[in-house]
Amino acid sequence: MMITGIKGMNDILPAEIAAWHFLESQVREVFPPFGFNEIRVPVLEKTELFCRSIGDDTDIVEKEMYTFPDKSGHSLTLRPEGTASVMRAYIEHKMYAQNQVEKLYYVGPMFRYERPQKGRYRQFHQIGAEIIGETSPLADVQLLNMLCRFFGSIGIRDALLQLNSLGCPACRPGYRQALAVFIASRLDVLCSDCRRRHQHNPLRVLDCKVEQCRTACQDAPSVLDHLCADCSTHFATVRRLLTDLNIPFEVNKRMVRGLDYYTRTTFEMVSSRLGSQNAVAAGGRYDGLIASLGGPPVPGIGFAIGMERLILMLNSSSFPPSRPDIFLVTLGDKALEKGFSLLSGLQVDGLRAEMDFSGKSMKAQMRRADKVQARLVLILGEDELARNQIQIRAMDDGSQETVDLDRLLPILSDRLAAI
RNA sequence: GUGGGUGUAGCUCAGAUGGUAGAGCACUGGAUUGUGGCUCCAGUUGUCGAGGGUUCGAUCCCCUUCACUCACCCCA
């Protein structure tokens, strides 16, 4: 039986790698001007870290983590998201003692044990950014601005920014209570999922996709009406500054986040082009997280972008496969070996050069050159070898010239520059 | 964890009320003894996802299982 990869864990093949390189290079170009530095943390952490940060009652912790004991019996978990690990590193290295505000970003694989579907895999990749140590709504807006700039830089214009506020420990319990009362009054018209949800997470009912539930919750109490004065002012400032920066957004008072640690500002970037999993990026403020992990009482805000979902949105035809500069065709045993060392010289000089090693017919070699879309073909046969010459053929127009071998390099760079 | 769809050549897919399979593309060679793309000719490729059952005989019918895929739950 063939050994296959693990369900939901995909190989990224050479044909797809250009899109990944593109995203990674855009991150490294767009983020640093906003003051962000990259951090790399391990993919494995002690299980306890995720239980405490994401929340014991969340689906992620309850059923979606890759958790197993190592040889000494410690329970380890493949990270299901990046924020927890970054906060652990922040606290462990006492980064708060260096800078009052720390801005960090990361790129890498995350792991969740779920049934794969379009835009959702067991190993997936996220680009994340965090601002730690800043309470001001300016931090929220800077982060969102950077997120939108990033989307613009990769040519995505049809993602919609949705914004909400979840309040803080001062005002959220009151809202939750009011909502629970409302839902209890409509329980008979809600779907079975929502009836179950209203027990442990009433906010989720607002997010239900069932039409009947949506209409039933039409006039449910809004979080935004229950925000305390501080949260309300914070949210108003975020909206005002976004408008000042010409960043389009939409307030979605039904938006709920799946992780326990979020407070105040939460947001999502959604797209209709993604199928059912329509969020391509999401995040929010987590003012209590760092303290709850044993760090100082500093606030934070961050986002994560799903790279696979991003790639679904990109036009794949804008990433043409890279083509060789040169394909060397040889005829005869002597030319094969002489050509091979010539090839090596070209490659050392940084040209992308290929040839056939197996002594195929000239027609076959030419076909190969055409197939890989080489720009130039070099032809080295017994005749050319005897005269210390080589032929250069431009594949686009079929024009051909014979040049002395010792003048090859400068002529090649001329011809390549002209294409 | 639940539900639907799909598994036939490297790829995309046909196929027959059960008699052990085909096309296009791709690949190789030739027409053009040292010149690609177009055209023409020839050739290669399959445990018909796996296991079991019914049958003289199963790729097709039945059961089981696995994989892929979409959706639910939930999430990036």
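This is a predicted model, so every value here is computed, not measured. Convention: sequence-line order gives letters A, B, ...; per-chain numbering from 1.
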J.: Could you encode protein contacts along nucleotides 31-36 of chain B as a string, one character per nucleotide from 5' to 3', using B for base contact, S for sugar-phosphate-only contact and - for no contact, with a heavy-atom cut-off of under 4.0 Å?
T.: B--BBB
J.: Would you call A/Val251 and A/Arg239 a side-chain contact if the rule is heavy atoms closer than 4.5 Å?
T.: yes
J.: Any pair with a residue in residues 254-285 of chain A that passes ring pair (Phe, Tyr, Trp, His ring centres under 6.0 Å), sequence neighbours left out, goes on the list, sorted by first then second residue, please.
T.: A/Tyr261-A/Tyr286
J.: Can you find a donor-acceptor N/O pair under 3.5 angstrom joining the side chain of A/Arg257 to the base of B/C74?
T.: no
J.: Within residues 49-58 of chain A, find the residues that approach RNA chain B with a heavy atom at under 4.0 Å, and present them sorted by residue number.
T.: none
J.: For RNA chain B, what residues of residues 108-128 of chain A have any heavy atom nearer than 4.0 Å?
T.: A/Arg112, A/Glu114, A/Arg115, A/Gln117, A/Lys118, A/Gly119, A/Arg120, A/Tyr121, A/Phe124, A/Gln126
J.: Identify whether any heavy atom of A/Ala369 sits under 4.0 Å from a base atom; if not, whether one sits that close to sugar-phosphate; answer base, sugar-phosphate or nothing.
T.: nothing
J.: Would a 4.5 Å heavy-atom cut-off, applied to side chains only, mark A/Asn145 and A/Leu241 as touching?
T.: no
J.: Taking the side chain as C-beta and beyond, is there a heavy-atom pair between A/Asp287 and A/Ile301 under 4.5 Å?
T.: no
J.: Given that A/Ser276 and A/Val280 both sit by RNA chain B, which one's nearest nucleotide is further toward the 5' end?
T.: A/Ser276
J.: Might you point out which heavy atoms bring A/Ile91 and A/Ile290 nearest each other, and give the distance in Å?
T.: CD1-O, 3.7 Å
J.: For A/Lys360 and A/Leu274, find the nucleotide of RNA chain B closest to each by heavy atoms; which residue's nucleotide sits nearer the 5' end?
T.: A/Lys360
J.: By the salt bridge (Lys or Arg N to Asp or Glu O under 4.0 Å) test, which pairs, at least two apart or in different chains, include something from residues 30-58 of chain A?
T.: A/Arg28-A/Glu38, A/Glu38-A/Arg40, A/Glu45-A/Arg88, A/Glu48-A/Arg52
J.: Does A/Arg122 make a cation-pi contact with A/Tyr113 (under 6.0 Å, within 45 degrees of the axis)?
T.: yes
J.: Decide yes or no for A/Arg393 and A/Val329: does some side-chain heavy atom of the first lie under 4.5 Å from some side-chain heavy atom of the second?
T.: no
J.: Checking side chain to side chain donor-acceptor pair (under 3.5 Å) against A/Arg285, which of A/Thr135, A/Asp140, A/Thr263 comes through?
T.: A/Asp140
J.: Could you tell me whether A/Lys103 and A/Glu134 have a side-chain N and a carboxylate O separated by less than 4.0 Å?
T.: no
J.: Taking only side-chain N and O atoms of A/Lys7, does any of them lie within less than 4.0 angstrom of OP1 or OP2 on B/C68?
T.: yes
J.: Flag the pair A/Glu401 and A/Arg415 as a salt bridge only when some basic side-chain nitrogen lies within less than 4.0 angstrom of an acidic carboxylate oxygen.
T.: yes
J.: For residues A/Phe340 and A/Phe357, establish whether the separation of their ring centroids is below 6.0 Å.
T.: yes
J.: Side chain of A/Gln277, base of B/C74: donor and acceptor closer than 3.5 Å?
T.: yes
J.: Over how many whole Å does the gap from A/Lys63 atom NZ to B/C74 atom P extend?
T.: 7 Å
J.: Given the rule that a pair is Watson-Crick or G-U wobble with both distances under 3.5 Å, how would you write RNA chain B in dot-bracket, using | for pairs to a different strand?
T.: (((((((..((((.....[..)))).(((((.......))))).....(((((..]....))))))))))))....
J.: Atom CG of A/Leu203 and atom C1' of B/C74: how far apart are they, to the nearest Å?
T.: 15 Å
J.: Can you name the one residue among A/Phe303, A/Phe31, A/Phe36, A/Phe34 that meets ring-ring contact (aromatic ring centres under 6.0 Å, His included) with A/Phe150?
T.: A/Phe31
